[in-house]
Novice: 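Handing you this structure, nothing more for now.
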Amino acid sequence: MDAIYRPEIIEPEAQRHWDEKQAFKAVEDTSKAKYYCLSMFPYPSGKLHMGHVRNYTIGDVLARYHRMKGFNVLQPMGWDAFGLPAENAAIANDVAPASWTYANIDYMRGQLKRLGLGVDWERELATCKPDYYRWEQWLFTRLFEKGVIYKKMATVNWDPVDHTVLANEQVIDGRGWRSGALVEKRDIPMYFFRITDYAEELLSGLDDLPGWPERVKTMQRNWIGKSFGVEIHFPLAERHQTGGEVLKVFTTRADTLYGVTYVAVAAEHPLATRAAAGNPALAEFIAECKQGSVAEADLATMEKKGMDTGIRVYHPFTNEAVPVYVANYVLMGYGEGAVMAVPAHDERDFAFAQKYALPIKPVVKPVAGELTLPLSVAYVEQGILFDSGDFSGRTSQDAIEKIALVLKALNLGERRTTYRLRDWGISRQRYWGCPIPIIHCPTCGDLPVPAEQLPVTLPEGVKIDVGSPLKRMPEWSNCVCPKCGGQAERETDTMDTFVESSWYYARYACPDLTTGMLDGRANYWLPVDQYIGGIEHAILHLLYARFFHKLMRDEGLVSTDEPFKNLLTQGMVIADTFYRDLPDGKKQWLNPADVEQRNGAWVLKADGQPVLAGGSEKMSKSKNNGVDPQSLIDQYGADTARLFMMFAAPPEQSLEWSDAGVEGAHRFLKRLWKMVYEHVEQGVVSAYSGGESTEPLTDFRRLLHQTIDKVSDDIERRKQFNTAIAAIMELMNAMAKLEGDDALTRGVRQEALEAIVLMLAPIVPHICRILLKALKPGACLIASPWPTVDQAALVRNEIELMLQVNGKLRGKLKVAVDAAKDAIEQAALSSPEAQKHIEGKPVKKVVVVPGRLVNIVV
RNA sequence: GCCCGGGUGGCGAAACAGGUAGACGCAAGGGACUUAAAAUCCCUCGACUUCGGUCAUACCGGUUCGAGUCCGGUCCCGGGCACCA
């Protein structure tokens with residue numbers, strides 16, 4: 001064994017060794033329990049950033065740990081290779097998206113291998129390859145025929161200067177990021193997945209996922225947004241006849257029906273369009289509402305505006321006329337695109353009514369007490385109805401039931417359950433994505449591409465500028481109708497990249513399959529036992545993947561209901577952002593590595609000129625604040641990078657990036673190396689295996705086995721690696737104090753070092769491989785089992801209790817481990833520390849918490 | 001704006017089920033070794049203190065013998081909001 005720790009030598013050697021042995025090749029084996037450990041695959045943005053290192057190290061620690069515990073482990077890796085950044089890079093650097101993407105994949109694969117991940121690289125896949133996306137297209141055609149996919153109009157961000165559709169990210173302050181033009185909303189035809197058909201199952205299925213973090217399930221529940229309410233019809237004619245025209249609204253607060261003072265409809269609502277026909281001012285307002293982005297965050301924060309349509313509807317019970325407003329805050333896509341407004345009992349309606357001097361009519365008061373009138377804020381709680389006709393005096397809950405019944409009898413509404421969840425629009429007017437396998441025939445309509453003609457291959461090597469080149473490639477889009485044989489055209493839109501990432505976890509089971517999407521191997525490996533990824537995917541990706549799993553199940557492709565049994569959502573690695581304002585009003589984002597602080601101000605290192613700080617955000621390409629781990633790995637090695645990342649914070653917590661402490665992690669590995677070196681230099685010894693002992697050795701062995709117990713629990717149950725590492729550090733500190741070179745002491749030291757090396761192996765595998773071979777010549781790390789706890793070593797006779805008087809710590813008390821409660825009380829009361837603070841005052845009671853403390857209350 | 005998290009020493013954090021606040025590490029200061037430096041090793045390290053203690057887990061209030069942990073409210077930071085992935 002070398003006296004000096006040299007990661008630059010031992011790490012490549014270990015990686016070469018594992019490669020040659022195919023150490024991490026996963027083979028289906030029904031004789032062993034399987035463990036499918038999956039980290040979310042990366043988008044090949046160019047270089048790894050610290051968030052990737054965190055994600056993949058967590059996954060690798062869990063995979064290697066379970067391997068040591070005897071599981072048949074699968075840990076694959078691949079590339080989420082379609083997407084917008086490739087098009088942006090292609091425009092900026094005048095390269096084809098495909099070659100940019102493949103070059104990034106090659107570079108990042110090298111970086112991942114350098115991290116020493118225990119990945120089965122034979123299963124690697126890239127979603128931009130036809131052998132992957134052809135099965136996505138195949139499933140699409142089946143779902144299209146089944147009616148799970150349909151076409152309808154949808155609103156997008158339209159850049160009127162570049163004549164292109166913009167992603168929400170590309171709209172900055174209501175303007176296109178490249179052109180600077182004011183963005184407009186535009187309706188275009190798109191394909192949709194009927195995810196709302198699965199809303200109920202997606203919601204109830206969350207209850208069967210005990211291995212998911214509660215916060216993720218809460219977010220998904222809120223996103224699906226099941227609400228029980230009442231659909232209410234407001235007739236358009238004063239003397240309503242059954243079958244006459246009505247305006248439908250949905251509300252969860254039917255109890256406030258008598259407080260309705262206006263009805264608000266979305267700008268796209270047919271009633272608004274009708275009213276605008278003879279009203280230029282209204283038409284102009286509706287046009288104004290159609291400006292700006294479609295993002296909900298923008299809609300929700302903009303100024304609430306509205307305009308009277310002049311149309312009146314009639315209250316279903318009182319027959320009073322109610323004005324219909326067009327309001328920019330009403331969403332066409334939710335409910336009926338119309339809401340009944342009750343200013344007295346809804347904050348948003350209250351503000352709107354005040355702005356437009358509309359009446360505010362309270363009809364619900366608290367169960368105990370009265371409303372102070374006039375209202376200064378909306379009263380939004382439920383309560384007791386008043387001024388509500390026959391319903392006055394009823395509770396809100398009761399009134400909702402009764403009102404629904406009466407409406408039903410009048411044929412003017414009924415109880416209804418709605419979901420906030422909307423169908424999933426997957427059409428993208430972009431080039432670098434999976435082509436939607438549809439053929440448009442002027443005589444036969446929209447037809448799915450026949451299975452034998454799949455895949456519809458995306459032409460690579462295409463140069464692009466603004467917009468999708470597919471729309472300008474008739475040689476690609478012209479085709480023959482599979483039904484009538486006439487001249488037809490291919491769909492030129494591509495799919496949302498969330499579609500690819502919704503099923504890749506299943507394809508890893510059989511990435512080489514050329515005759516189908518999935519085979520029986522998928523049912524061996526699925527569900528994923530442990531899924532690890534950023535919390536930013538809590539809703540969209542994880543919901544879409546759950547949905548897709550159910551679609552595949554209903555096609556008979558998989559046999560389970562849910563794809564991911566256990567989920568670990570790692571916190572974001574965030575870093576400062578810096579920028580400069582460019583003359584054209586755009587921002588130039590600068591990497592934190594190129595920026596430094598001089599005299600209290602941030603400047604660019606290159607030119608010394610000031611830059612602006614933009615706050616901390618998750619590391620991303622768009623904000624250029626990713627920190628490349630490469631220099632860290634080059635300088636200290638992969639083990640140090642892994643150890644440092646795992647020690648910095650618990651996985652679920654967000655982590656502000658700082659490299660302070662890297663030295664410490666490296667120092668720890670050097671210390672470990674030295675400790676093993678000095679031990680083995682004295683000759684081979686076998687580990688302590690029972691028999692005689694001394695008090696210090698018994699105490700040390702108790703700590704050793706407590707540590708094994710704690711580290712196992714930290715990794716397996718708590719998935720908290722920082723405390724596992726801290727416990728091992730404590731153990732090593734205690735061992736450093738252990739004196740003597742006699743055979744007994746050296747045997748205990750051998751036992752401890754073997755355990756330490758094995759416990760650290762999932763985190764820092766390269767160094768542990770060498771250290772284990774030094775400790776036990778001929779031993780193979782990746783075939784070694786996890787250390788076991790010697791229960792006998794844990795036994796103790798005496799414990800220390802905290803002694804409190806009135807909840808304040810006053811001393812400590814040593815008692816026998818099996819001491820009776822009375823004896824503990826007596827010992828506590830008679831102790832000098834307690835006597836001193838009792839000062840003769842009467843003792844009210846004594847609280848004894850077994851194994852913890854005694855509290856004397858005076 | 002809405003939904004979900006978070007806030008503890010100079011810094012990253014620990015305290016797992018309401019029971020010793022600050023484990024472990026970083027930085028800093030002091031010392032040993034060295035011609036010197038690096039490396040390594042040892043010690044100190046929340047604030048105040050009359051050296052008895054007192055205060056302290058973003059802020060305000062509550063429950064409890066006892067609150068970083070539970071409840072109500074406020075402020076700040078991060079994630080998501082359906083076309084970034």
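Computed from a predicted structure; not experimentally measured.
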Novice: Provide the start and end nucleotides, 5' to 3', of the part of RNA chain B that has atoms under 4.0 Å from heavy atoms of chain A.
Specialist: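 In short, chain A contacts RNA chain B from B:rG1 to B:rA85.
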Novice: Rounded to whole angstrom, note down the C1' distance from B:rU50 over to B:rC55.
Specialist: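 After rounding to an integer number of Å, I get 16 Å for this pair.
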Novice: Paired with B:rG29: which nucleotide, if any, by Watson-Crick or G-U wobble criteria at under 3.5 Å for both distances?
Specialist: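 Partner of B:rG29: B:rC43.
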Novice: Taking the C1' atom of each, how far is B:rG68 from B:rU8, in whole Å?
Specialist: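 Pairwise C1' distance, B:rG68 against B:rU8, rounds to 7 Å.
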Novice: In whole Å, measure the gap between the P atoms of B:rA37 and B:rC43 for me.
Specialist: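 Result for the P pair: 22 Å, nearest Å.
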Novice: Are A:Lys674 and A:Tyr5 in a cation-pi contact, defined as NZ or CZ under 6.0 Å from the six-membered ring centre and within 45° of the axis?
Specialist: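 Checked: cation-pi criterion not met.
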Novice: Taking O4'-C1'-N9-C4 for purines and O4'-C1'-N1-C2 for pyrimidines, is B:rG9 syn (within 90° of 0) or anti?
Specialist: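 You should classify B:rG9 as syn.
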Novice: Before we go on, tell me: are the rings of A:Trp424 and A:Tyr198 under 6.0 Å apart, centre to centre?
Specialist: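 No: the rings miss the under 6.0 Å criterion.
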Novice: Looking at A:Gln835, A:Glu833, A:Lys836, A:His837, which hits side chain to side chain contact (heavy atoms under 4.5 Å, CB included) with A:Val805?
Specialist: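 Exactly one pass, corresponding to A:His837.
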Novice: Quick one: salt bridge (charged side-chain N to carboxylate O under 4.0 Å, His left out) partners of A:Lys621, sequence neighbours excluded?
Specialist: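 If we apply the salt bridge (charged side-chain N to carboxylate O under 4.0 Å, His left out) test to A:Lys621, skipping adjacent residues, there are no hits.
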Novice: Expressed in whole Å, how much space separates the P atoms belonging to B:rU69 and B:rG6?
Specialist: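 12 Å, rounded to whole Å.
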Novice: Could you go through the side-chain hydrogen bond (donor to acceptor under 3.5 Å, both in side chains) check for A:Thr569 and A:Glu652 one step at a time?
Specialist: CA-CA 6 Å; A:Thr569 46; A:Glu652 306 235 75; 3.1 Å; yes
Novice: Could you measure between the two C1' atoms, the one in B:rC24 and the one in B:rC59, and give it in whole Å?
Specialist: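 Taking atom C1' in both B:rC24 and B:rC59, they lie 30 Å apart.
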Novice: What integer number of Å spans the C1' atoms of B:rG9 and B:rA56?
Specialist: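 The same atom, C1', in both gives a distance of 10 Å.
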Novice: Does the ring center of A:Tyr133 lie less than 6.0 Å from the ring center of A:Phe82?
Specialist: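 Centroid distance A:Tyr133-A:Phe82: below 6.0 Å, so yes.
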Novice: Base, sugar-phosphate, or nothing: which does A:Ser45 touch, judged by heavy atoms less than 4.0 Å apart?
Specialist: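 Result for A:Ser45 = nothing.
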Novice: How far, in whole Å, is B:rU64 from B:rG79 if one measures between their P atoms?
Specialist: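 After rounding to an integer number of Å, I get 40 Å for this pair.
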